[in-house]
Structures are given as structure tokens and as C-alpha cells.
Number of protein chains: 2
Amino acid sequence: MTARLIEIARIARVSVATVSRALNGRPGVGEHTRRRIQALATQMRYHPHANARALVTGQIPFLGLVVPDITNPFFPSLARGAEEEAFRRGYSLLLLNTNWAPERLRQAFDLLTSRRVGGLLLAHSIRLSDLPGQDPEVLRQTMVMAGVEAPSGTGIRAVTVDDRAGGAMVARHLLEQGYRRLGFIGGPRQDPSCRLRHEGFREVLSRAGRSRMGQVSFGEWSVESGYRQVKALLARREWPDALFAANDLLALGAAEAMREMGLSPGPAMGLVGYDDIESVRWTAVPISSVAQPESDVGREAVRRLIAMIAGETPEPDVRLLPRLSVRASSRRFPDPCPAPQEDPQ
Amino acid sequence: MTARLIEIARIARVSVATVSRALNGRPGVGEHTRRRIQALATQMRYHPHANARALVTGQIPFLGLVVPDITNPFFPSLARGAEEEAFRRGYSLLLLNTNWAPERLRQAFDLLTSRRVGGLLLAHSIRLSDLPGQDPEVLRQTMVMAGVEAPSGTGIRAVTVDDRAGGAMVARHLLEQGYRRLGFIGGPRQDPSCRLRHEGFREVLSRAGRSRMGQVSFGEWSVESGYRQVKALLARREWPDALFAANDLLALGAAEAMREMGLSPGPAMGLVGYDDIESVRWTAVPISSVAQPESDVGREAVRRLIAMIAGETPEPDVRLLPRLSVRASSRRFPDPCPAPQEDPQ
DNA sequence: CCGGGGTACGTAATCGTTTGCGTGGACGTC
DNA sequence: GACGTCCACGCAAACGATTACGTACCCCGG
């Protein structure tokens, strides 16, 4: 048990009000007694009771981070950035792993209404139907989307990554490397990320001449799907000479399919993935991939959320830029000036 | 703003005490008024104010999970298991990422003294010197180690994974596959995990005949170190015909070194790693590895922590068993009866 | 000598619950 | 008809802080 305010007050022969003022640096306390009280407090190992303080001030020093699956490597980095920023500002971060269960998503909002958290960071794609009977005005003031678009029309703040720009980067890179016909394999056709990555990719290609666009195919976000899509693609007459896989799982499956056809990613057929997960560095031919600034997403989202809770108007929404990690799977020419070791361990 | 007890009370024309009793299912309320109040509560969207309740009951519905780096794939799985179990029991899980800074570790304990959390899950190797001036008795009642040994002599509860058994499994597997001289490459010599994995490995070998033990070497937990250790090993006269890398980063480096020497993991030279991170599935030759039951560690640790907080005596410490994922890097003979697809995506 | 203003502190209300204790009425028993 | 029991409910004190307001005192100017 740590000491209470009242115990310090009794020993110092003053009222609790004075002790509170002294320790919080508020005016209205003599310099002498202030020192005396502070000394006493550290000596008695006083720590303010966070709950009691929260009850009266109305400030809740907790933020909730809602993720579908913390095991997915995108989220730990996001969590790391968010946690760091939150702690710096005196907040603690709650982890909520919904495991994709709508039920768990509801519980996350309950945390808001039961005042366990002061705000919510949603790194979880949601539909409007997932917000049943929540006051939209409240949501707008206590929620920030992190890494996903806000449901349209809700006016909820969001910090996202520019998927369209990512897709465009890939297209430009592949063209620069001299690839001629660029194919695309994706996840679910209606998934926003998938759609935007595809659009960015396509736009660059159409500016470079329509003939550059190879086959396009969609499926799921899985290794298996990547494998199947590539197998199907390579069964046709005309092959692309490079592939953009809209996520790294797809890319891993694609690489495997290519290998089985006696084709290895690289000069013969370029391959670029998306997300830059660890695994793509360790395939037989390391796979190029678009890296997302997950930590920054977390950090920026927290900054906005805290500002909103404090009643300030947060900075406007941002769309952070991804970065392309070029590896052997999409290098047609040996690097002219060998860059300083891209993947140092 | 959600409704308060007092507002419900006014409308129902009863006292707050009655409302509280009605909603919490406590006796002392007539069946009729109880229904009336419950109906009113749901209609008015009442949610109890967790903080206020916590203040009077003294129960704090938060647990802290302290990890050095959530980005390390061991911890998300642990966090997942812990979060799931905690939520099931009505607790929320705080994420504390120390980033290895002792300063941040101190802050974690402050959360305990300032009553922000009711207990701490430490998935973070610590020394006694990291617990400065903490009352050891308090720690024993509010902390559980998860995945790491407790500092000896502290009597702190711990849920760990049996590293010695893991090492032994590897040795037995390699011998079964017909490998003759087994080498070992490790992380820091004084690291407990490294030491135990080595001991388990060594014990099995010495029972199988001293001659089975090849070279042993230590370094750091990194790809780079694995690479260097293997290069050094293969510079000697007598080669082992299989290697146990005490963690997967080392194994990845080892595989790379072997490849550079024109040697690929498999029948020619066996290789087994430890931790079973995603990346080892995607190397040119997929690498066998010892998988740890991280989720179970988290879950079991939470169960014990909650029991302790509730004043019950928790179940005794456990040492969970790891599981070996056999892949091509350590298969000398083709699988006689092809098991049902080990790594389905 | 009186009054005004500033300083240093205490008193008490407040945040939203839970809970021990008191009380009035209905009901049953002798 | 008096008395004891129970039940359903209200009253008020907690929990541990913050903070508006009141008050005693000192100092200084007119």
C-alpha cells in the first residue's frame, strides 16, 4: 500500500488540500511548507492514486488500440509507435485484439462508454454497420482511424498510408528496370487497399502507354491465392514479364508458383510485393516490396487523438508515403553503384 | 455522455442504492422494481463508470504486459493469448514497450504503485537491480513472469517454456535422421535460454555417445552472428554434418553462410533453428525450427496473475513444452508417409 | 486607526459508485 | 392484539483525490 494524501496531511499537520496543492505545484502554498510536504511525500513513497484523480478531473489516462490480429506483422510496429507517443504524453495504451470478431469490436466501444479509455485508435477496417447505435458525434471526438480509411461520410479523423502512391511507385520502378508488360495480382477486388494499389499502378501504366498493362487478377490476401493466381496467369498465351502482388503473402505464393514453372523472380520475370514483411527478405531470391511507415501511423494517430480528447482541434488528416525496398526480384540490371548494404543485420 | 445511476434513480423514483443493487443482481430489491430499473437502464443506455466503481471496490480491471520490443515476433503471439484470457475475465491489457530502456521498466512499476494496473505480466528478462526499492512481497503478489525465468530467489511466479527440452528434441530428431556429428551455434554464452537449449542438446548427445558432439560456438542473437559462426566453423578441418542454431536469426545467417560455401541445408548438412519465426518457412530450403507455445504462455500467465490478485493461491509454476516443426533443412530421408501438409496457407 | 489587498491555509462539495445500517410496513404467530 | 421477522428500500458514509470558496492574518497606505 502506498501512502495516501490524508496520511501525509496528518503528519505534516496541514489539510489534504494543501498537500494536493503543494505536490501539484499549484499556487497558494508557502515555499517552506511546500518543501516540507514534498520531502515527506517522497519519503513516504507517495504516488497519486490515478483512479481517484481521474474520477474528479474527468481525464482518463488510457487510450485503446483496436487491432484485428496483433500477430499480423503490420500491427506490432504500429503499436510500437503508438505506445511510445502515448506514454510520452502520459497516457497508457490498451491493447484490444478483436480477432475479427464483431462481438469484440462492440466490446471495444463499451470501453469507451464505460469510461475505461478516453479514446480509441481503430486500426481495423470497419463498416458503418459495425457502429451500431453509437453516437456519431461522440465517435468523431474520441476516435481516430490508424492505417485504414474511415467509413465514408462519418467525418472521423484518419491517418493512413497512401496506397495509390505505393502502387504508382511499383509501376514506375518496374518500368525503369525495363520491364515491358506488367501484370497485377490482388486480394479481394472490393478491398479498399487492394483497389487503391491497383489504381495507382494502373494510372502510371496508362500514362506510359496502354500496351504496358498485362493481366489483372484478384483473389484473397493469402499465399495460397497468390500461388493459384500466378498458376492461372501463366497458363495463358501471353505472359507478363513482371508482376505486382498487392501484398507480400500473395508475392510469396507467386514466387513459389514461378519456381515450380522453372522461372525464378528477377530479370526473367520481375516481382514486387507490398508490406515488406520479414519473410520476403529470405526467399531464394529476395523479393522487392513496398514498406509502410507503420510506426509513424501509430504516432501520428495518437497525436491527433490526444489533441481531440483535450478539446483542441487536431491537425488535419494525413496520408503518409510508403517506401520501396528494392531487392533482387525486380532488378534487371545489376546495381550500377552498389548502395550501402540495404539489409544490414 | 452516458447516463448516471442518479439519473435512473430519479426517473424510477427510487434511491441510487436500489438502482445499484438492482443492476448488480444483489438481493434486497423487489422483483418488480428490479425489472423496471433494468428496462430503464438499457433504455437510457446506462454503462457503469468503471473508474468510480474501481475506486470503491478497490479492484483495478487492468493488467500490464511489459515487453522489451513488441516488434519481435515472439511477443505479439504472447500478447494475443494474454489479451484473450484477460478480456474473458473482465480485465483489459495495457501494453508497455520498454524498448530495452531501464527507465521504461521503472515506469511500468510506477503503474503498479499509482494503481493504474492491478498486476504486471513481465515478458522481459530482468535482473534484481532492475527492481530498485520495490517491496519484494508486493511484487510477489502482483507480478508474474511470462516466458522468462524469474530472478532467482525472489519467489516470483513464472510461466516459461522448457528450453532444455527444446534442445533435447532437436538432438533426438537429428540423430533419428541419421546425422552423426552435431554442431551448435548460440547467442550470448551467459544468456539463460541459450545455456538451457545447449544443455538439453548436449545431454542427449552425451547419452548417445560422446563422439556425436561437434563444435560449439557462441555469439549474439543475430543473423550476422550466425553467418560468422558458421563461416568460422567451416574453416576448420572437421565439419559437423548437422547444426543446431539456438535461434532462428542465427539459423538464417547460418543458411546463408552454407549457401555461400556451395552447401545447402538438408541431407548434406542438417540445420534446425529455434522460435519458428515466419521467415524460416520461406528460405530456399525451408528450415526446421522449434516452435514455442507463446499464446499458451500468455494465457497461463494471465490466469495465475488474476488468481493472485483475487487473493487466491495461483496454480504452481509451469514449464510448457515446445514443439518441433520439421522441414526440409533437417530431413535426410524423404518422409515415408507424407504427413498432411505441414504448412498449409 | 482603519480599511483594503494579498498570502497561506482550511472547509466542504464533488466525481459516480458500493454497501453497512436503519426503518417502515406487511405478515405471521402466540 | 402485541410482538417478532422479513422484505424492500432509503440514508449516508465511504473510496482518494481536486478545487471553489471562505477566513484568518499580515502588511501597508492614507
Taking atom [atom2] of [N] as reference, at what distance in whole Å does atom [atom1] of [X] sit?
| X | N | atom1 | atom2 | result |
| --- | --- | --- | --- | --- |
| B:L23 | D:dC9 | CG | C1' | 15 Å |
| B:I37 | D:dA8 | CD1 | C1' | 11 Å |
| B:H32 | D:dC7 | NE2 | C1' | 16 Å |
| A:I6 | D:dA14 | CD1 | P | 10 Å |
| B:I60 | D:dC15 | CD1 | P | 15 Å |

Fill in: For A:H124, the option from A:F74, A:W100, A:F75 that meets ring-ring contact (aromatic ring centres under 6.0 Å, His included)
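So, applying the ring-ring contact (aromatic ring centres under 6.0 Å, His included) to A:H124 and each of A:F74, A:W100, A:F75, only A:W100 qualifies.
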Item to complete: Pick base, sugar-phosphate or nothing for B:N51, based on heavy-atom distances below 4.0 Å to the nucleic acid.
Response: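 It contacts nothing in the nucleic acid.
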Discussion item. Need one value for A:P27: base, sugar-phosphate or nothing, where a base atom within 4.0 Å counts as base even if backbone is also close, heavy atoms only.
Written reply: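 Contact class for A:P27: none.
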Practice prompt. Could you grab the distance from atom CZ of A:R45 to atom CD of A:Q43, nearest 0.5 Å is fine?
Written response: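 These two atoms lie 10.5 Å from each other.
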Phosphate OP1/OP2 of [N]: any [X] side-chain N/O under 4.0 Å:
| X | N | result |
| --- | --- | --- |
| B:R53 | C:dG16 | no |
| B:R26 | C:dT18 | no |
| B:Y46 | C:dT17 | yes |

Taking only Lys NZ, Arg NE, NH1 and NH2, and the carboxylate oxygens of Asp or Glu, determine whether [X] and [Y] approach each other closer than 4.0 Å.
| X | Y | result |
| --- | --- | --- |
| A:E84 | A:R89 | no |
| A:R80 | A:E83 | no |
| B:R140 | B:E137 | yes |

Item to complete: Sugar-phosphate means primed atoms, P, OP1 and OP2; the rest is base. With that split, encode nucleotides 6-15 of chain C 5' to 3' as B, S or - using protein heavy atoms under 4.0 Å.
Response: --SBBB---B
Worksheet item: Do we get B:R116 above B:F62's six-membered ring, with its NZ or CZ under 6.0 Å from the centre and within 45° of the axis?
Response: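 Cation-pi check for B:R116 and B:F62: fails.
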